[in-house]
Amino acid sequence: MAEEILGRVNSIESFGSVDGPGVRFIFFMQGCRMRCKYCHNPETWKTDDGGELYTPEDAFKKAYRYKNYWNNGGGITVSGGEPLLQIEFVTELFKIAHEKGVNTALDTSANPFNSADPEFMKKFEALLEVTDLFLLDIKEINPERHKDLTAWDNSNILEMAKYLSDHGKNMWIRHVLVPGVNDFEEDLQGLSDFVKTLKTVQRFEILPYHNMMIPKYEKLGIDFPLKDLDAADKSDVEKADKILNTSEYKGYLAK
Ligand code: SF4
């Protein structure tokens with residue numbers, strides 16, 4: 001008998017309004033290997049512990065009770081943590097959603113993307129079939145600064161962005177702006193140049209860094225590396241946007 005696919009879900013949000021078009025039911029998956037210094041969800045980091053186990057069918061049923069709110073392109077978003085670490089669960093959940101005509105979005109850091117692994121790529125292609133929109137974080141374009149910020153390389157992340165573009169998949173690119181950490185002019189210019197090479201970017205967003213997650217770190221007993229840093233303000237965002245020109249990308253039309 002085939003092994004049952006279970007997803008480890010850290011938490012859910014019934015009325016998300018920023019992680020995809022319309023009103024979204026959001027599953028925040030447990031588990032992430034990255035260690036972004038500004039991470040808002042450190043409670044999701046552990047991969048094999050925490051959260052609640054769901055079958056794809058049960059997860060869908062839980063979300064589908066909210067279908068009446070999903071006009072204007074709303075639907076289901078899977079976020080994290082890093083949802084690609086539970087790719088089989090997400091694919092099954094999105095398959096069921098598509099059978100019912102529900103819009104699906106995946107909010108990902110792309111960290112697990114590995115084009116050299118045929119097994120991963122087979123699963124990834126199956127996921128592509130049932131995902132309407134990818135919300136992809138690009139945290140830093142400069143490889144060294146990316147590694148310093150997240151503890152991981154960014155080459156596979158940029159590769160996944162290109163892969164999605166080449167396969168005609170809709171994307172929102174998001175950049176958490178951390179003043180003094182990842183808002184160097186040359187890096188923002190590099191990011192802008194890279195995003196321009198992608199053909200399917202429907203939206204490009206700057207997410208200003210905030211420090212409201214500090215109490216979470218204190219509760220978890222994890223040292224918060226940016227504790228002396230101020231949140232990004234309007235002028236930081238405006239300055240960055242002069243280079244990124246995000247308004248050029250405002251054009252997502254919900255299916
Ligand atoms: S990828 Fe997301 S969940 Fe993982 S550490 Fe970075 S911000 Fe946190």
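Keep in mind that what you see is a predicted model, and the values were worked out from it rather than measured. Only heavy atoms go into these numbers, but all of them, side chains included; no hydrogens, no water, no symmetry mates.
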Side-chain ([X]) to main-chain ([Y]) donor-acceptor, under 3.5 angstrom:
X: D233; Y: S235; result: yes
X: S165; Y: L198; result: no
X: D241; Y: T246; result: yes
X: Q86; Y: Q30; result: yes
X: K169; Y: T131; result: yes
X: Q189; Y: I243; result: no
X: N154; Y: I141; result: yes
X: W70; Y: N103; result: no
X: N211; Y: D230; result: no
X: T104; Y: F94; result: no

| task | Check the pair I206, L244 against side chain to side chain contact (heavy atoms under 4.5 Å, CB included), reporting the backbone distance first and the verdict last. | result | CA-CA 9 Å; I206 299 171; L244 297 178; 3.8 Å; yes
| Excluding sequence neighbours, so at least two apart, what forms salt bridge (charged side-chain N to carboxylate O under 4.0 Å, His left out) with D187? |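 In terms of salt bridge (charged side-chain N to carboxylate O under 4.0 Å, His left out), with neighbours along the sequence ignored, D187 is linked to R145.
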Do [X] and [Y] sit in one hydrophobic cluster, given that two such residues count as connected whenever their side-chain heavy atoms are within less than 4.5 Å of each other, even indirectly?
X: M160; Y: L85; value: no
X: L149; Y: F224; value: yes
X: V176; Y: L136; value: no
X: L106; Y: F113; value: yes
X: W45; Y: F27; value: no

Could you check whether any side-chain heavy atom of [X] comes within less than 4.5 Å of a side-chain heavy atom of [Y], counting everything from C-beta outward?
X: N10; Y: N41; value: no
X: V78; Y: F89; value: no
X: I157; Y: M34; value: yes
X: Y54; Y: L93; value: no
X: H175; Y: L188; value: yes

Heavy-atom pair with the smallest gap, counting every atom of [X] and [Y]:
X: P208; Y: A232; value: CB-CB, 3.8 Å
X: S115; Y: E159; value: OG-OE2, 2.5 Å
X: F28; Y: G80; value: CD2-O, 3.7 Å

In terms of heavy-atom contacts, does [atom1] of [X] have more than 12 from other residues, nucleotides or ligands at under 6.0 Å?
X: E119; atom1: CD; answer: no
X: E57; atom1: CD; answer: yes
X: K239; atom1: NZ; answer: no

Any chance you could measure [X], atom [atom1], to [Y], atom [atom2], to the nearest 0.5 Å?
X: L229; Y: H210; atom1: CG; atom2: NE2; answer: 13.0 Å
X: L158; Y: F194; atom1: CG; atom2: CZ; answer: 4.5 Å
X: L127; Y: L84; atom1: CG; atom2: CG; answer: 6.5 Å

| request: Measure centre to centre between the rings of Y66 and F15, then say whether the value is under 6.0 Å. | output: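 Between F15 and Y66, which both carry aromatic rings, the centre distance is below 6.0 Å.
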| query | Y163 and ring-ring contact (aromatic ring centres under 6.0 Å, His included): which partner among F134, F120, F124? | reply | F124
| said: Under the rule for side chain to side chain donor-acceptor pair (under 3.5 Å), what residues qualify as partners of D107, not counting sequence neighbours? | reply: S79, R174
| request: Take E82 and T108, measure what side chain to side chain contact (heavy atoms under 4.5 Å, CB included) needs, and give me the verdict at the end. | output: CA-CA 6 Å; E82 175 44 64; T108 174; 2.9 Å; yes
N-O pairing of [X] and [Y] below 4.0 Å:
X: D148; Y: K37; result: yes
X: K199; Y: D166; result: yes
X: K95; Y: E92; result: yes
X: K216; Y: E43; result: yes

| query | Does Y64 have K61 sitting over its ring (NZ/CZ under 6.0 Å from centre, angle to axis within 45°)? | reply | no
| field | ring-ring contact (aromatic ring centres under 6.0 Å, His included) against F204, all qualifying residues, sequence neighbours excluded | value |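 ring-ring contact (aromatic ring centres under 6.0 Å, His included) list for F204, sorted by chain: Y249.
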| task | Please determine, by modelled atom types, if E140 and N182 share a side-chain donor-acceptor pair under 3.5 angstrom. | result | no
